[in-house]
Amino acid sequence: MTTAPKIKEFFKRHGVFGLLTLTLLFLFTLSFTGERTPLNDGAGYDGAFYYSVAQNFSTDFWTTGYDSFRIFRIFPFFLINLFFSLFNIEATHANLMHSMYVLHFANLAIQLVFFFKLIKLCAWKKATSAIIFACFFFNYFVLKNCGYEPFQTDAFAVTIFLVSFYYLQCGKFTRSLLVSFLGIPTWPTITYMIWLLYFFKDPFPQTARRLNVHTGKAIAIAFPLMSVGAVATLYLLHKQPPLASMLFCKA
């Protein structure tokens, strides 16, 4: 086969995803060069804590420490601090911001690699793959929020789950579980979910006894009762402030 037919065949097979990937990279780059959050000089409001981890982790971890919630949200920001300390790089605002840009692009590259691996593994049709690609990548968070407020754990949590899930689907359970542990300092729900998927990876046998319960009807009845019960309990215990907060109204 000569060069021209090879190129034609390549674009016939991969042209759609090549175009989708180029569009994604363009829009993703645009999000980092476009509108920035004015809060904390680009770090954002929610990102202020993660910014401080990247800047002061080596000091804060051994002195003030972190509370039980935030200790599970320090990846990959503490790695920036360790990297800067190891190579004697000054943790200036510009250096911290640039390091996050690099991490986000590297993170997106990993997502793309494993997404295409998942497509191949699952043998999805081209149309199905394109729709899932659009749902996974062409959304507000990827195309706007990563660049608008870069100091967030979400994008890295998605990658950890994607990679873990891929290895789980491959039957490489040790790799899947090891990668899932990165969720502990990032977004612990990921680790719990991967382990649950691992423990329940095998289908129930055909001979298993079936429940004689209409779960749909049971859930439809149980949820309203639980909601009414929670409201009634808080009211009887004179817990109006948390009740008002739950109902989004004034106490």
K.L.:
For N56, give me all partners under side-chain hydrogen bond (donor to acceptor under 3.5 Å, both in side chains), at least two apart in sequence or on another chain.
P.N.:
none
K.L.:
Give me the other members of the hydrophobic cluster that M226 sits in, counting Ile, Leu, Val, Met, Phe, Trp and Tyr linked by side-chain heavy atoms under 4.5 Å, directly or via other members.
P.N.:
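Hydrophobic cluster check, M226: no partners found.
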K.L.:
Sequence neighbours left out, cut at 3.5 Å: what donor-acceptor pairs do the side chains of residues 129-145 make with other protein atoms?
P.N.:
residue : atom : partner : partner atom : Å
S129    : OG   : K125    : O            : 2.9
N139    : OD1  : F141    : N            : 3.2
N139    : OD1  : V142    : N            : 3.0
N139    : ND2  : C135    : O            : 3.3
N139    : ND2  : F136    : O            : 2.9
K144    : NZ   : E35     : OE1          : 3.0

K.L.:
In chain order, what residues pass the side-chain hydrogen bond (donor to acceptor under 3.5 Å, both in side chains) check against Q111, with sequence neighbours excluded?
P.N.:
T159
K.L.:
Distance from L86 atom CG to L79 atom CG, nearest 0.5 Å?
P.N.:
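It comes to 11.5 Å.
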K.L.:
Using side-chain hydrogen bond (donor to acceptor under 3.5 Å, both in side chains) as the criterion, list what pairs up with Y51, not counting sequence neighbours.
P.N.:
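Scan of Y51 (side-chain hydrogen bond (donor to acceptor under 3.5 Å, both in side chains), adjacent residues dropped) gives H93.
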K.L.:
Mind checking what makes side-chain contact (heavy atoms from CB on, under 4.5 Å) contact with F61, not counting sequence neighbours?
P.N.:
F57, Y66, I71
K.L.:
Restricting to pairs with a member in residues 165-178, which pass side chain to side chain donor-acceptor pair (under 3.5 Å), not counting sequence neighbours?
P.N.:
none
K.L.:
Tell me, please, which residues at least two apart from S85 pass side-chain hydrogen bond (donor to acceptor under 3.5 Å, both in side chains).
P.N.:
none
K.L.:
Would the number of heavy atoms belonging to other residues, nucleotides or ligands and lying under 6.0 Å from CZ of F173 be above 12?
P.N.:
yes
K.L.:
Kindly state each residue pair satisfying side chain to side chain donor-acceptor pair (under 3.5 Å) with at least one member in residues 219-229, sequence neighbours excluded.
P.N.:
none
K.L.:
Mind checking side-chain contact (heavy atoms from CB on, under 4.5 Å) for F87 and listing every partner two or more places apart, or none if nothing turns up?
P.N.:
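Once residues adjacent in sequence are excluded, the partners of F87 under the side-chain contact (heavy atoms from CB on, under 4.5 Å) criterion are F83, I89.
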K.L.:
Once rounded to the nearest 0.5 Å, what's the spacing between atom NZ of K201 and atom CG of L197?
P.N.:
11.0 Å
K.L.:
Below 3.5 Å, can you tabulate the donor-acceptor pairs from side chains in residues 22-31 to any protein atom, sequence neighbours excluded?
P.N.:
residue : atom : partner : partner atom : Å
T23     : OG1  : L19     : O            : 2.8
T29     : OG1  : L25     : O            : 2.7
S31     : OG   : F28     : O            : 2.6

K.L.:
Return each pair, listed once, that meets salt bridge (Lys or Arg N to Asp or Glu O under 4.0 Å) where at least one residue sits in residues 153-169; pairs must be two or more places apart or across chains.
P.N.:
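Of all non-adjacent pairs touching residues 153-169, none passes salt bridge (Lys or Arg N to Asp or Glu O under 4.0 Å).
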K.L.:
Would you please indicate if the ring centroids of F105 and F32 are separated by under 6.0 Å?
P.N.:
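Centroid distance F105-F32: below 6.0 Å, so yes.
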